[in-house]
Amino acid sequence: MAKDFVKREENYSEWYNELVVRADLAENSSVRGCMVIKPYGYAIWEKMQHTLDAMFKQTGVQNAYFPLFIPKSFFEKEAEHVEGFAKECAIVTHHRLAKSPDGKGLVPDPEARLEEELIVRPTSETIIWDTYRKWIKSYRDLPILCNQWANVVRWEMRTRMFLRTAEFLWQEGHTAHETSQEAEEETIKMMHVYADFAEKYMAMPVVRGVKTANERFAGAVDTYCIEAMMQDGKALQAGTSHFLGQNFAKAFDVKFLSKDNKLEYVWATSWGVSTRLMGALIMTHSDDNGLVLPPMLAPLQVVLIPIYKTDEEKQMIDELATKIQQELKSKDITVKYDDDNKTKPGWKFNEYEFKGVPVRLTLGARDLKEDKIEVFRRDTCEKLLHQTEGICEYIEQLLKDIQDNLFKKALTLREQKTRKVDTWEEFKTEIEKGGFLLCHWDGTTETELKIKEETKATIRCIPLDNPQEEGKCIYTGKPSRQRVIFARNY
RNA sequence: CGGGGUAUAGCGUAGUCCGGUUAUCGCGCCACAUUUGGGAUGUGGAGGUCGUAAGUUCGAAUCUUACUACCCCGACCA
């Protein structure tokens, strides 16, 4: 058991904050709203990056890099886009510091004011579409499928590590297409890439859906999303993919000559996931003993811990540990033998448990005499003794089982916390309990906003494979043809 | 930006109301020894401009003023 660690049901948000720090994932920095991602946390992010990067490339996407700074004038070009982001932009006004007139410290040099101020990107659509204009002349130049791994800045009022920080890391894909249909297909394709990644690698079940007009990305025609449910029943938007129509092409005058020699505006998409996925991963699986990681994203999958009294015993354990390490490595399993003498086994057990290492093997002198090894699995916290013979095959299978089990557990929880609600009275009490509420809605933004005002619940999405069913809007009683997902969200 | 709160060692804290020796305690850290099957024990040690600046006073962590930073609640949000 983790010492002095707050339980989820006592204070979920404190549990999360403390977990992030104590599992060595990240810490608050001296810069307001910005965090330091520590090596262990960054290793998880890197695994996500590598996997996603390969998945993107599989679909024909290439990586590129665009500037951090965006001229202010670019932002003014797409009306809705400005409105969405203007309130949270960091602005560069000077390019040089000078000694303060009172001799103490430094001030922006008044002589060095920028002629045109620069915005630190909150997202890169504008600079990218300004660039694409130069790249695109004919239908032969299309499609363009680019992605960039970058940092962005959104000056948030209230921040939480990984879930919402002023600066965060993400990837943003930006594609340009000949036809509306092709762009829409791309949008949906990338949503599925995200969903596959979330479910297969993060072991996190997601709902694939489309956002309502109110929740849509600033400047998009349609926003598709993957929506996950955290253990406290709150929804978390884990990834978005936008069909931008011709909005940015028109704003940045990006036209191409079509096959039939007509000048047409280009069709666009953009899609992204961020370090927010780290928050999603943490809140989907972790428990009152600390972090729980799915084997496919765990930087360390197996840890070996020796227990011995004499040098002879230690030597015997060393030999076995070396053999096991070699065999596991040959199966592409990451393993560490922690024979550091500075801490006792009990301390190590707690440490690796808290950091979410999926499997621990205890190589104890006592068990070894009987040719046995103790195996501990982090997801269920179960221990068992296994014959030394065939231990590596067992672990290989166990890692797969843990991955599956985590997904099933999360899915079961989501199903338990998802229910249909048909009356407004019921809605108001049920929303307090958390989870997803499937309800009829009249399709108007006014109703959506009123519901949000009264209950803090929003429409997370309209699921893609949504069954059609006649019903009445939960709030206005007007006719509706399908249920949508209501929830409180992060 | 509105409303409330906090600031003492790496972390968590006592002391502040009612000013007075060398600023309290726990964890962590360092050294040595004994330990090792679920966060070891003993002994010794290091570590502080009490958020910053000014003021009151013989004397300020303690009283006054200003400033700064952070936290919580709102508005905003991947």
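Naming: A, B, ... by sequence-line order, numbering from 1 per chain.
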- Note on the structure: When every non-hydrogen atom of A:Q148 is compared with those of A:F66, the smallest separation belongs to OE1-N, 2.9 Å

- Query: Hey, is the side chain of A:K456 poking within less than 4.0 Å of OP1 or OP2 on B:G74, counting only N and O atoms?
  - Reply: yes

- Aromatic ring pairing A:F252/A:F74, orientation class (parallel under 30°, perpendicular over 60°, tilted between): perpendicular

- Query: Within 45° of the ring axis of A:F354 and under 6.0 Å from its six-membered ring centre, is that where the NZ or CZ of A:R22 lies?
  - Reply: yes

- Tell me, what's RNA chain B's dot-bracket, Watson-Crick or G-U with both distances under 3.5 Å, | for other-strand, [ ] crossing? (((((((..(((.......[....))).((((((.....)))))).....(((((..]....))))))))))))....

- Query: Can you tell which of B:U36, B:G37, B:C76 lies closest to the side chain of A:T362?
  - Reply: B:G37

- Task: Could you identify which residues of residues 337-348 of chain A place a heavy atom less than 4.0 Å from some atom of RNA chain B, listed by residue number, or say none?
- Result: A:N341, A:K344, A:P345, A:G346, A:W347

- Query: With a 4.0 Å cut-off on heavy atoms, is A:Q237 in touch with a base, just the backbone sugar-phosphate, or nothing at all?
  - Reply: sugar-phosphate

- Message: Can you work out whether A:N28 or A:F162 has the more 5'-proximal nearest nucleotide on RNA chain B?
- Response: A:N28

- Task: Establish, yes or no, whether the cationic atom of A:K234 lies under 6.0 Å from the six-membered ring centre of A:Y490 and within 45° of the ring axis.
- Result: yes

- Query: NA contact type, A:R160, heavy-atom cut-off 4.0 Å: base, sugar-phosphate, or nothing?
  - Reply: nothing

- Spacing between A:I307 atom CD1 and B:U36 atom P, to the nearest angstrom: 11 Å

- Task: Would you kindly compare A:Y490 and A:A365 by the position of their nearest RNA chain B nucleotide and give the one closer to the 5′ end?
- Result: A:A365

- Hey, what's the ring geometry for A:H81 with A:F248, parallel, tilted or perpendicular (30° and 60° as the breaks)? perpendicular

- Task: To the nearest Å, give me how far apart CD (A:E27) and C1' (B:G10) are.
- Result: 11 Å

- Any side-chain donor paired with an acceptor under 3.5 Å for A:E215 and A:T223? no

- Item | Whole-Å C1' distance, B:A33 and B:G37 | 23 Å

- So what does A:T165 hit on the nucleic acid, given a heavy-atom distance under 4.0 Å: a base, only sugar-phosphate, or nothing? base

- Item | Between B:G12 (P) and A:E18 (CD): distance, integer Å | 11 Å

- Does the salt bridge (Lys or Arg N to Asp or Glu O under 4.0 Å) test come out yes or no for A:K7 and A:D288, once each step is laid out? CA-CA 5 Å; A:K7 291 181 169 41; A:D288 293 340; 5.4 Å; no

- For the side chain of A:Y308, counting heavy atoms from C-beta on, which of B:U36, B:C76, B:G38 is nearest? B:U36

- Message: Using every non-hydrogen atom in the two residues, find where A:H285 and A:A410 come nearest and quote the distance to one decimal.
- Response: CE1-CB, 4.5 Å

- Proximity to the side chain of A:F349 - top-ranked nucleotide from B:U36, B:G38, B:G37: B:G38

- Measure from CG on A:L449 to P on B:A75 and round the result to the nearest Å. 13 Å

- Is A:L236 touching bases, backbone alone, or none of the nucleic acid, heavy atoms closer than 4.0 Å? nothing

- Looking for any heavy atom pair under 4.0 Å, which part of the strands does A:T240 touch: base, sugar-phosphate only, or nothing? nothing

